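Contents: one structure, followed by commentary.
Please read all numbers here as calculations on a predicted model, not as lab measurements. Just the heavy atoms: all of them, side chains too, but no hydrogens, waters or symmetry mates, feed the values below. For this chain, numbers begin at 1 and follow the sequence in order.
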Amino acid sequence: MAAGYLDILRARHAARLLTGTLVGRLPNGTAHIAIVLFTRAEGGSYTLAGALAAAYGLATAVGQPLLGRAVDLYGQPRVQFPAAVLSALGMALFAVAGLGSLPLAYAAVVLAGVATPPLEGGLRALWPSVLKREDRVHRAYALDAVAQEIMFTVGPLLVTLLVSLWSPAAALLVINGIGVLGALSVVLSEPSRTWRSAPREAHWLGALRSPGLLALLGAFFFVGLALGSITVAGVAYADDHGRESVYGWLMAALGLGALIGGLGYGARQWSGEHEKRLRVIVALLALGYLPLTLTPSVPAMTALAALAGLFLAPAIACSFIVVDRHAPRGTVTEAFSWLVTTFGVGAAVGTAAAGPAVELGSTAWSFAVAGAGGVAALAVLLATGRVLTAPARTAQVVAGSENDRNGAAEPGFSTGRKA
């Protein structure tokens with residue numbers, strides 16, 4: 001298992017791109033917890049905390065596909081780094097202004113969200129030119145998902161550590177400063193500077209003209225909803241047990257479970273249709289969320305959180321391949337950015353729903369939102385099975401088609417798209 005991942009990381013530029021993207025995405029990956037903790041520290045309610053986090057998520061959802069399309073049209077450096085700086089400035093404004101003026105607070109988090117750079121989609125657009133072979137690219141998708149779970153494991157712990165050492169405002173400033181450095185590392189790399197998208201058909205819908213992609217996005221909206229609700233539910237659970245650190249451990253356990261699952265998933269070569277495998281994985285993911293409603297003791301809840309995360313990274317990694325199969329030519333960054341958008345919208349709805357669920361019902365009710373999200377995601381995949389098993393194109397997607405301005409082809413590298 002380790003040999004396959006080491007083979008990827010030894011490829012020129014691979015480790016730098018993966019690390020830079022991971023660090024650059026840290027502000028986005030920790031924004032919901034940072035916003036919730038900052039709002040609570042400023043005296044705001046759970047509902048206000050959820051609403052601000054939801055505003056950030058919705059703004060990210062709007063910005064990601066727009067910036068992703070801009071990357072496809074104008075290249076990565078001209079979009080990614082300026083966006084990272086603007087997003088950090090928005091979150092800095094939120095940290096300095098606080099909740100004294102709610103319109104200003106909402107404007108600040110919206111600015112931070114809408115300017116979040118599409119580093120995640122940008123990395124997936126770069127993998128073919130860096131790794132050259134289809135099997136390595138697919139394993140890189142799994143490694144990419146695992147790296148995200150490292151971020152989701154370390155990120156909450158880092159935020160809570162910064163809060164305990166300094167303050168929630170300092171946590172916001174430090175995390176976003178680190179994110180700018182990560183984005184800078186990516187855009188200064190040779191693959192990012194030389195990358196060009198394949199020629200695309202002019203269409204106002206862009207990547208959204210693919211029915212299979214729309215079906216996948218619908219399902220992953222509900223996966224995002226589940227994850228967003230757990231953000232608020234975890235804070236409520238920690239408050240119930242009188243220890244702020246409990247939240248960090250729950251989120252770390254969720255990420256650790258996904259880390260283990262992602263490593264196992266990427267360690268083997270899978271046969272059969274990716275879309276069918278995705279339905280099985282999402283079914284197991286939904287099954288893992290349901291026991292969280294039991295809200296047992298902290299050790300048992302930590303174990304349940306790890307179990308709930310076990311199939312998250314495999315679901316994400318498999319979804320990357322499905323996106324690649326269904327995205328229209330020339331829309332690779334935009335298509336992956338739409339996947340990020342569905343997570344953002346879903347997480348925003350989840351955080352907004354979980355706050356009132358805590359205050360009107362109980363902590364268990366807020367975890368029930370996560371369970372419902374997992375079940376709904378599976379229902380969408382089952383209902384759209386016919387669309388998802390028929391990719392829109394079957395063009396030979398070679399290592400250079402989307403990423404190499406010279407269009408150099410590597411024989412045998414195909415993602416199975418249909419024309």
Side-chain angles (χ1 to χ4, degrees), residues 54 57-58 60-62 64-65 120-121 124 141 145 148 205-231 258 261 265 270 272-290 292-293 308-328 331 334-354 357 366-392 416-418:
L58 288 172
T60 304
V62 171
Q64 286 290 292
E120 190 175 354
R124 277 151 221 161
Y141 285 160
Q148 289 188 58
L205 280 176
L208 293 184
R209 65 182 183 272
S210 165
L213 180 62
L214 289 176
L216 180 70
L217 297 181
F220 273 77
F221 164 84
F222 290 107
V223 176
L225 183 147
L227 294 177
S229 65
I230 289 176
T231 300
Y265 178 80
W270 295 90
E273 294 185 15
H274 303 293
E275 291 82 0
K276 289 183 178 179
R277 184 166 66 254
L278 181 62
R279 286 195 288 272
V280 174
I281 295 172
V282 170
L284 295 171
L285 180 67
L287 190 61
Y289 285 146
L290 296 176
L292 294 175
T293 58
L310 193 60
F311 294 98
L312 178 59
I316 293 173
C318 192
S319 73
F320 294 162
I321 300 173
V322 176
V323 167
D324 195 32
R325 282 164 55 81
H326 290 268
T331 66
E334 181 187 342
F336 281 123
S337 296
W338 273 115
L339 187 63
V340 176
T341 286
T342 61
F343 270 93
V345 174
V349 173
T351 53
S366 59
F367 280 115
V369 176
V375 172
L378 175 61
V380 171
L381 290 177
L382 292 174
T384 59
R386 180 174 297 180
V387 172
L388 274 171
T389 53
R417 292 182 183 173
K418 296 186 178 177

Which pair of heavy atoms, one from [X] and one from [Y], lies closest together, and at what distance?
X	Y	answer
Phe220	Ser319	CZ-CB, 3.5 Å
Ala313	Ala258	CB-O, 3.2 Å
Thr293	Phe367	CG2-C, 3.8 Å
Tyr141	Phe336	OH-CZ, 3.9 Å
Tyr289	Gly374	CD1-CA, 4.2 Å
Ala308	Leu285	O-CD1, 3.7 Å

- Message: side-chain contact (heavy atoms from CB on, under 4.5 Å), that's the test. Do Ile316 and Leu339 meet it? Break it down for me.
- Response: CA-CA 10 Å; Ile316 293 173; Leu339 187 63; 5.8 Å; no
- Is there a donor-acceptor pair closer than 3.5 Å between any side-chain N or O of Thr351 and the backbone N or O of Gly228?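 Not at all, since once roles are kept as given, no pair shorter than 3.5 Å links the two residues.
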- Message: Test your reading of the model: is there a side-chain donor-acceptor pair from Ser210 to the backbone of His326, 3.5 Å cut-off?
- Response: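 Answer holds: yes.
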- Message: Tell me every residue that passes ring pair (Phe, Tyr, Trp, His ring centres under 6.0 Å) with Phe311, counting only those two or more places apart in sequence or in another chain.
- Response: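 Residues passing ring pair (Phe, Tyr, Trp, His ring centres under 6.0 Å) with Phe311: none at all.
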- For residues Thr342 and Val223, determine if any side-chain heavy atom of one lies less than 4.5 Å from a side-chain heavy atom of the other.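 Heavy-atom side-chain distance check fails, nothing below 4.5 Å.
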- Pick one: which of Glu275, Glu273, His274 meets side-chain contact (heavy atoms from CB on, under 4.5 Å) with Leu388?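 The passing option is Glu275.
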- Message: As a test of understanding, state which of Val380, Val349, Val375 forms a side-chain contact (heavy atoms from CB on, under 4.5 Å) with Phe222.
- Response: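 The residue from Val380, Val349, Val375 that satisfies side-chain contact (heavy atoms from CB on, under 4.5 Å) with Phe222 turns out to be Val380.
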If you round to the nearest 0.5 Å, how far is [atom2] of [Y] from [atom1] of [X]?
X	Y	atom1	atom2	result
Leu284	Leu312	CG	CG	12.5 Å
Cys318	Lys276	SG	NZ	13.0 Å
Leu208	Leu217	CG	CG	7.0 Å
Phe320	Leu278	CZ	CG	11.5 Å

- Message: Applying side-chain contact (heavy atoms from CB on, under 4.5 Å) to Leu225 and Phe221, what does each step give before you reach the verdict?
- Response: CA-CA 6 Å; Leu225 183 147; Phe221 164 84; 4.3 Å; yes
- Item | All side chain to side chain donor-acceptor pair (under 3.5 Å) counterparts of Arg279, not counting sequence neighbours |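 Partners of Arg279 under the side chain to side chain donor-acceptor pair (under 3.5 Å) test: none.
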